Amino acid sequence: QVQLVESGGGLVQPGGSLRLSCTIPESGSSIFQMAWFRQVPGKQREFVARIMNTGETAYVDSVKDRFTIARDNAGNTVYLQMVSLKPEDTAVYYCHSQPFIGAASWGRGIQVTVSS
């Protein structure tokens with residue numbers, strides 16, 4: 001099992017920006033899609049955004065027009081650019097990777113806190 005590693009979290013003020021990154025040491029060509037989820041203590045983990053090998057993206061309604069998901073040219077790093085952050089975006093964010101063949105992988109999670 002390959003462990004995904006997230007980075008870029010932290011504390012920002014409302015209206016601020018933050019970029020999360022996640023890498024997996026596998027060939028990008030083997031990855032079908034990568035995604036971001038988030039979870040608040042005591043609540044269910046929710047889908048945030050995903051990008052497929054084709055470049056197609058999708059977002060939960062609450063982050064549309066504020067978050068952008070992208071992959072690097074090699075395809076094994078995924079980013080989540082977050083702008084106009086709101087307090088309700090506060091959560092632990094998890095990276096998810098689904099290969100063409102084999103089991104999906106999760107990162108350990110990284111804290112994003114939006115507060116004044």
Side-chain angles (χ1 to χ4, degrees):
Q1 174 89 356
V2 177
Q3 180 68 58
L4 277 61
V5 179
E6 303 101 337
S7 63
L11 173 65
V12 297
Q13 294 185 337
S17 301
L18 207 61
R19 189 180 76 160
L20 304 181
S21 299
C22 175
T23 60
I24 181 170
E26 301 288 340
S27 172
S29 62
S30 71
I31 302 173
F32 175 60
Q33 70 173 27
M34 301 185 78
W36 291 95
F37 292 74
R38 65 187 180 186
Q39 187 171 24
V40 176
K43 297 186 180 297
Q44 294 292 317
R45 187 172 299 184
E46 69 170 348
F47 165 82
V48 177
R50 69 106 169 98
I51 183 167
M52 299 179 66
N53 64 312
T54 61
E56 180 187 4
T57 60
Y59 303 87
V60 67
D61 286 346
S62 61
V63 308
K64 287 181 178 178
D65 301 319
R66 298 190 300 114
F67 290 12
T68 302
I69 188 170
R71 291 172 69 176
D72 69 347
N73 290 334
N76 62 345
T77 300
V78 64
Y79 305 94
L80 187 66
Q81 179 66 54
M82 304 180 290
V83 301
S84 301
L85 283 162
K86 304 175 180 179
E88 51 263 45
D89 294 318
T90 296
V92 176
Y93 284 69
Y94 296 89
C95 180
H96 178 269
S97 179
Q98 180 181 330
F100 285 100
I101 300 175
S105 299
W106 289 93
R108 294 285 301 275
I110 189 165
Q111 180 70 45
V112 171
T113 301
V114 185
S115 176
S116 60

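Computed from a prediction, not measured in an experiment: that's the story for all the values here.
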Inset, instruction - Please work out whether the ring planes of Y94 and W106 are parallel, tilted or perpendicular, with thresholds of 30° and 60°. - result: perpendicular

Legend entry - Sidechain-backbone polar pair: R50 side chain, F37 backbone, donor-acceptor under 3.5 Å: no

Inset, instruction - Determine whether F47 and V92 fall in the same hydrophobic cluster, where Ile, Leu, Val, Met, Phe, Trp and Tyr are linked whenever their side-chain heavy atoms lie under 4.5 Å apart. - result: yes

Inset, instruction - Output the distance between atom CD1 (I51) and atom CZ (F32), rounded to the nearest 0.5 Å. - result: 12.0 Å

Legend entry - Rounded distance (nearest 0.5 Å) linking atom CD of Q33 with atom OG1 of T57: 11.5 Å

Legend entry - Nearest-0.5 Å distance that lies between atom OG in S21 and atom CD in Q81: 9.0 Å

Legend entry - Stepwise side chain to side chain contact (heavy atoms under 4.5 Å, CB included) check, M34 with T77: CA-CA 9 Å; M34 301 185 78; T77 300; over 6 Å; no

Inset, instruction - Go through the steps to decide whether T90 and Q111 satisfy the test side chain to side chain contact (heavy atoms under 4.5 Å, CB included), and finish with yes or no. - result: CA-CA 8 Å; T90 296; Q111 180 70 45; 3.9 Å; yes

Legend entry - Shortest non-hydrogen contact between P99 and G102, atoms and distance: CG-O, 3.6 Å

Inset, instruction - Answer yes or no: are there more than 12 heavy-atom neighbours, outside Q44 itself, under 6.0 Å from its atom CD? - result: no

Legend entry - Sidechain-backbone polar pair: Y59 side chain, R66 backbone, donor-acceptor under 3.5 Å: no

Legend entry - For the student: nearest non-hydrogen atoms of G9 and I110, plus distance: N-CD1, 3.2 Å

Legend entry - Joint hydrophobic cluster, M52 plus V60, side-chain heavy atoms closer than 4.5 Å: no

Legend entry - For Q39 against K43, the heavy-atom pair lying closest together: NE2-O, 3.0 Å

Inset, instruction - Could you tell me whether E6 and R108 have a side-chain N and a carboxylate O separated by less than 4.0 Å? - result: no

Legend entry - Note: D61-K64 ion pair, threshold 4.0 Å (strictly below): yes

Inset, instruction - In sequence, state the C-alpha distance, the side-chain angles, and the governing distance for V63 and M82, and then conclude on side chain to side chain contact (heavy atoms under 4.5 Å, CB included). - result: CA-CA 9 Å; V63 308; M82 304 180 290; over 6 Å; no

Legend entry - Single-linkage hydrophobic cluster, 4.5 Å side-chain cutoff, I31 and Y79 together: no

Legend entry - Heavy-atom pair with the smallest gap, counting every atom of S115 and P14: C-CD, 3.6 Å

Inset, instruction - For residues S97 and I24, report the shortest heavy-atom separation together with the two atoms involved. - result: OG-CD1, 4.1 Å

Inset, instruction - From the options N76, L4, L80, select the one residue that forms a side-chain contact (heavy atoms from CB on, under 4.5 Å) with C22. - result: L4

Inset, instruction - Would you please test F67 and L18 for side chain to side chain contact (heavy atoms under 4.5 Å, CB included) and show each step? - result: CA-CA 10 Å; F67 290 12; L18 207 61; over 6 Å; no

